[in-house]
Amino acid sequence: MPAGNQQLLELELALANIVSNAVKYSSNQPVSMALAATDTRNIIIVKDRGIGIPPEDLPYIFSPFFRASNTERFEGYGIGLPLTNNIIRMHKGEISVSSRMNEGTEIKVVLPSSAREQGRR
Ligand SMILES: Nc1ncnc2c1ncn2[C@@H]1O[C@H](COP(=O)(O)OP(=O)(O)O)[C@@H](O)[C@H]1O
Ligand SMILES: [Mg+2]
């Protein structure tokens with residue numbers, strides 16, 4: 001498979017995990033996305049109005065098999081975000097999370113544009 005296709009599939013998986021969490025943990029309430037591109041970066045924001053993440057659990061959500069204390073009613077294994085985090089790191093991107101209990105969660109991904117990756121800038 002061409003390298004570009006492989007990279008696209010990885011990033012698609014990374015973003016699909018974020019979006020499916022937003023849908024799951026907001027009990028199918030609307031989820032919004034915002035996309036922006038500059039000449040050096042691509043920015044993706046996924047926002048939900050769901051259960052939120054308890055502040056004491058926030059530092060651990062990228063650890064394999066970790067699930068926050070308020071997820072009992074929801075199915076899951078705690079492997080989506082660790083995988084997403086690894087993929088984004090592999091692509092030299094950054095992921096950040098801000099969340100409030102019972103209000104919602106916002107996940108922001110910043111990826112370098114491929115032109116910069118290839119050293120053209
Ligand atoms: N949008 C979200 N709203 C609330 N909690 C979230 C959200 N996304 C991730 N989390 C928290 O991060 C944990 C890890 O996410 P993930 O690895 O995808 O596991 P899961 O199998 O639970 O979906 C979840 O168990 C949950 O506690
Ligand atoms: Mg998940």
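For ligands, and for the atoms within them, numbers begin at 1 and follow the listed sequence. On a predicted model such as this, the values are computed, not experimentally measured, just so you know.
Heavy atoms of other residues, nucleotides or ligands lying less than 6.0 angstrom from NZ of Lys24 number more than 12. Other residues, nucleotides and ligands place more than 12 heavy atoms under 6.0 Å from the CD atom of Gln29. Within a 6.0 Å radius of CZ in Phe66, other residues, nucleotides and ligands contribute more than 12 heavy atoms.
Atoms of ligand 1 found under 4.0 Å from any heavy atom of Phe66, numbered from 1 in the order shown, are 13 (C), 14 (C). The Pro82 neighbourhood of ligand 1 comprises atoms 17 (O), with distances under 4.0 Å to a heavy atom of that residue. When each atom of ligand 1 is checked for a heavy atom of Gly76 under 4.0 Å away, the hits are 21 (O). Each of the following atoms of ligand 1 lies closer than 4.0 Å to a heavy atom of Tyr77: 21 (O). For ligand 1, the atoms sitting less than 4.0 Å from at least one non-hydrogen atom of Ile79 are 17 (O), numbered in the order shown with element in parentheses. Remark: ligand 1 atoms within the under-4.0 Å shell around heavy atoms of Ile53 are 4 (C), 5 (N), 6 (C), 10 (N). Using a 4.0 Å cut-off to heavy atoms of Ala68, the atoms of ligand 1 that qualify are 25 (O), 27 (O). Each of the following atoms of ligand 1 lies closer than 4.0 Å to a heavy atom of Ala22: 1 (N).
Atom CD1 in Ile87 sits 11.5 Å away from atom CD in Gln7 (nearest 0.5 Å). We find the CD1-OG distance between Ile45 and Ser32 to be 9.0 Å, quoted to the nearest 0.5 Å. If you take CD1 on Ile53 and CG on Leu58, they are separated by 5.5 Å, rounding to the nearest 0.5 Å. We find the CD1-CE distance between Ile107 and Met33 to be 11.0 Å, quoted to the nearest 0.5 Å.
Checking Asp57, Thr84, Asn21, Ile61 against atom 12 (O) of ligand 1, the nearest heavy atom belongs to Ile61.
Around the Mg ion (ligand 2), the protein N, O or S atoms closer than 2.8 Å are Asn21 OD1, listed by chain and residue number.
Contact annotation for Glu75 and ligand 1: no heavy atom of the residue comes within less than 4.0 Å of the ligand. Contact annotation for Thr105 and ligand 1: only side-chain heavy atoms (C-beta onward) come within less than 4.0 Å of the ligand.
When only non-hydrogen protein atoms are considered, atom 20 (P) of ligand 1 lies nearest to Tyr25 OH, 3.4 Å. With respect to atom 1 (N) of ligand 1, the closest heavy atom belonging to the protein is Asp48 OD2, 2.9 Å.
Under the 3.5 Å distance criterion, with hydrogens and angles disregarded, a donor-acceptor pair is assigned to the side chains of Asp57 and Ser69.
Side-chain atoms of Thr71 do not come within 3.5 Å of backbone N or O of Arg67 as any donor-acceptor pair. At distances below 3.5 Å, at least one donor-acceptor pair connects side-chain atoms of Asn70 with backbone N or O atoms of Gly52. A donor-acceptor pair is defined here as one N or O able to donate and one able to accept, closer than 3.5 Å; no such pair exists between the side chain of Ser99 and the backbone of Pro54.
Ligand 1 lies less than 4.0 angstrom from a heavy atom belonging to Thr71. Judged by the shortest distance from any of its heavy atoms, Gly78 lies inside the 4.0 Å radius around the atoms of ligand 1.
Between Leu81 and ligand 1, a contact under 3.5 Å exists for at least one N or O pair. Looking at ligand 1, you won't find any N or O of Asn70 less than 3.5 Å from one of its N or O atoms.
The hydrophobic clustering, which links ILVMFWY residues whose side-chain heavy atoms are closer than 4.5 Å, places Ile61 and Leu15 together. Clustering ILVMFWY residues whenever any of their side-chain heavy atoms sit less than 4.5 angstrom apart, transitively, puts Tyr60 in the very cluster that holds Ile18.
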May I have the list of side-chain donor-acceptor pairs in residues 75-85 shorter than 3.5 Å, sequence neighbours left out?
residue : atom : partner : partner atom : Å
Thr84   : OG1  : Ala14   : O            : 3.1
Thr84   : OG1  : Asn17   : ND2          : 3.1
Thr84   : OG1  : Gly80   : O            : 3.2

